[in-house]
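A quick write-up on the structure given underneath.
Keep in mind the model is a prediction, meaning the values are calculated, not measured. In what follows, every heavy atom counts, from backbone to side chain, and hydrogens, waters and symmetry copies are set aside. Just so we're on the same page: letters track the sequence lines, and every chain starts at 1.
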Amino acid sequence: MTEELLVQIREQYGKRRNRRMRSAGTIPAVLYGHGEKTVSLSVAADAFSAVLRHGARMVDLTGAVKESALIREVQWDTWGSEVLHVDFTRVSAHEKVEVRVTLELRGEAPGFHEGGIVEQLLHDVPLMCPAARVPEKIEVGVNALNLGDSITVADLTLPEGATVLAAPEEVVVHCIEPIAAPAEEEMAEAEAGEPEVIGEKKPEEEAGEE
Amino acid sequence: MALMPKRVKHRKSQRGRIRGEATRGNRVVFGEFGLQAVQGGWISAATIEAGRIAAQQYLRNEGRLYIRIFPQKPITSIPLETRMGKGKGEPDYWAAVIRPGTVLYEIGGVTEEAARLCFTRLAHKMPVRVRFLRRRTA
């Protein structure tokens with residue numbers, strides 16, 4: 001999915017100026033790739049959050065530059081509410097790019113009703129696929145996941161032209177027996193005085209030296 | 001339960017100050033939902049354990065709980081009714097230093113509703129204000 005994004009050339013650099021820009025409702029960004037010159041940009045915060053909300057990975061930059069680009073990296077603040085900076089990479093639609101795509105579980109595992117825990121170990125996978133066909137997410141059906149079963153990277157249904165860069169035997173989701181919480185007695189055993197101090201001589205060693 | 005380091009460089013540490021927000025450990029990484037501190041502070045090993053027990057009792061072996069913090073800091077105290085002086089007190093307990101934004105616990109393998117209820121119980125044990133957090137998609 002490709003969306004249009006209006007960008008402007010950014011001529012202000014540095015922490016303070018970027019902070020002022022953010023408070024004024026624009027996000028600092030950068031465009032690079034294809035061996036061409038790196039360009040500092042700024043983009044309207046609300047327009048960019050709309051692009052993110054629609055799940056777009058590819059954008060057609062308009063305004064100061066007219067190029068198609070991939071959203072390479074988005075930096076968020078501590079609270080995950082505001083975008084601090086965006087990296088765009090120049091790509092052509094047929095070019096293959098490496099992206100991380102979210103894995104979403106679909107359905108209800110029969111193993112869950114047998115008392116098992118459905119545990120998702122891999123939440124996203126690295127994919128190599130044509131830039132124009134980067135999927136928003138990959139759905140993983142768990143309707144046949146019984147107790148003790150697992151779904152690996154090799155079992156994923158990938159979009160056309162995409163190859164996965166993770167190890168095929170890597171487990172995406174499994175249904176396992178519940179892990180019993182450690183008993184109180186075991187906890188009490190684990191409680192043992194003070195930790196060892198690195199470089200501190202023990203009393204026996206000191207006596208030996210004397 | 002004694003959550004504490006196995007080996008340390010020094011037995012005692014200075015109090016320190018909690019400045020700024022968490023720039024690491026502020027995302028949900030292992031599970032699907034997380035409990036994020038909104039305030040900074042110290043969370044003792046006993047409190048971390050109390051939170052774990054509260055969550056486990058609610059989850060009853062369903063889902064998986066991840067503890068994202070560890071008490072690395074020795075907190076010293078001097079005995080009651082002691083005269084001033086005579087040096088720094090002895091280590092009393094261990095605490096995790098929490099910056100605002102730190103993810104304290106995570107839960108995976110349960111519905112959002114269950115995770116919210118579980119974290120509500122857990123939040124009552126915490127000495128800092130917390131909020132519910134969802135995993136961000138890639």
Side-chain angles (χ1 to χ4, degrees), chain A residues 52-53 55 57 71 73-81 84 99-105 108-109 111-112 115-127 134-138 173-182 184 186-200, chain B residues 1-12 20-32 34 36-38 45-46 49 52-53 55-57 59-66 71-72 74 90-94 99-103 107-111 131 133-138:
Chain A
L52 282 186
R53 205 167 43 244
R57 294 294 187 92
I71 302 170
E73 192 187 338
V74 181
Q75 288 177 27
W76 294 87
D77 68 342
T78 301
W79 310 103
S81 55
L84 299 180
V99 284
R100 291 198 81 87
V101 179
T102 306
L103 299 173
E104 193 175 282
L105 300 189
E108 207 164 309
F112 179 74
I117 300 173
V118 178
E119 195 177 5
Q120 189 177 356
L121 302 176
L122 203 63
H123 291 270
D124 48 52
V125 282
L127 274 191
V134 177
E136 192 184 334
K137 62 191 172 194
I138 295 175
V173 55
H174 63 187
C175 186
I176 51 166
E177 294 262 4
I179 306 154
E184 292 294 323
E186 287 175 38
M187 299 284 190
E189 276 174 29
E191 198 170 346
E194 278 190 30
E196 178 196 342
V197 180
I198 300 165
E200 192 181 65
Chain B
M1 167 61 185
L3 262 182
M4 67 163 90
K6 284 197 177 78
R7 300 171 81 216
V8 290
K9 239 175 174 180
H10 306 286
R11 280 183 67 225
K12 301 173 186 178
E21 294 171 345
T23 52
R24 308 192 304 175
N26 56 10
R27 296 272 175 276
V28 178
V29 177
F30 299 101
E32 278 105 49
Q36 188 180 38
V38 180
E49 179 61 8
R52 186 192 70 82
I53 291 170
Q56 293 285 13
Q57 282 176 350
L59 291 172
R60 289 188 179 277
N61 291 343
E62 276 180 25
R64 182 93 184 256
L65 182 78
Y66 302 88
Q72 299 276 8
E90 287 303 304
D92 188 10
Y93 63 95
W94 293 82
R99 284 170 140 195
T102 309
V103 173
I107 290 180
V110 293
T111 61
R131 70 170 195 163
L133 196 65
R134 257 185 237 101
R135 169 183 274 274
R136 181 182 297 285
T137 53

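Residue contact with chain B, scored on non-hydrogen atoms closer than 4.5 Å, involves the side chain of A:Ile117 exclusively. Proximity to chain A is limited to the side chain of B:Arg27, based on heavy atoms less than 4.5 angstrom apart. Both the backbone and the side chain of A:Val197 come within contact range of chain B, each with at least one heavy atom under 4.5 Å from a heavy atom of that chain. For B:Arg24, no part sits under 4.5 Å from any heavy atom of chain A, backbone or side chain. Neither the backbone nor the side chain of B:Arg99 has a heavy atom closer than 4.5 Å to any heavy atom of chain A. With a 4.5 Å cut-off on non-hydrogen atoms, B:Pro74 does not touch chain A at all.
Across A:Pro195 and B:Met4, no two heavy atoms sit closer than the pair CD-SD, 3.6 Å. The minimum heavy-atom distance linking B:Pro100 with A:Thr78 is given by the pair O-CG2, 3.8 Å. Nearest approach of B:Tyr66 to A:Glu119, heavy atoms of both residues: OH-OE2, 3.0 Å.
Ranked by non-hydrogen atom pairs under 4.5 Å with chain A, the options B:Gly108, B:Pro91, B:Gly63 are led by B:Gly63. For the set B:Glu62, B:Glu32, B:His10, the entry with the most heavy-atom pairs within less than 4.5 Å of chain A is B:Glu32.
A salt bridge between A:Glu196 and B:Lys6 is absent, with no side-chain N of the basic residue lying under 4.0 Å from a carboxylate O of the acidic one.
Between the side chains of A:Trp79 and B:Glu21, a donor-acceptor pair is found at a separation under 3.5 Å.
In this structure, A:Ile198 CD1 and B:Lys9 NZ are separated by 7.0 Å, a value rounded to the nearest 0.5 Å. Distance check: A:Gln120 CD to B:Arg135 CZ gives 7.0 Å after rounding to the nearest 0.5 Å.
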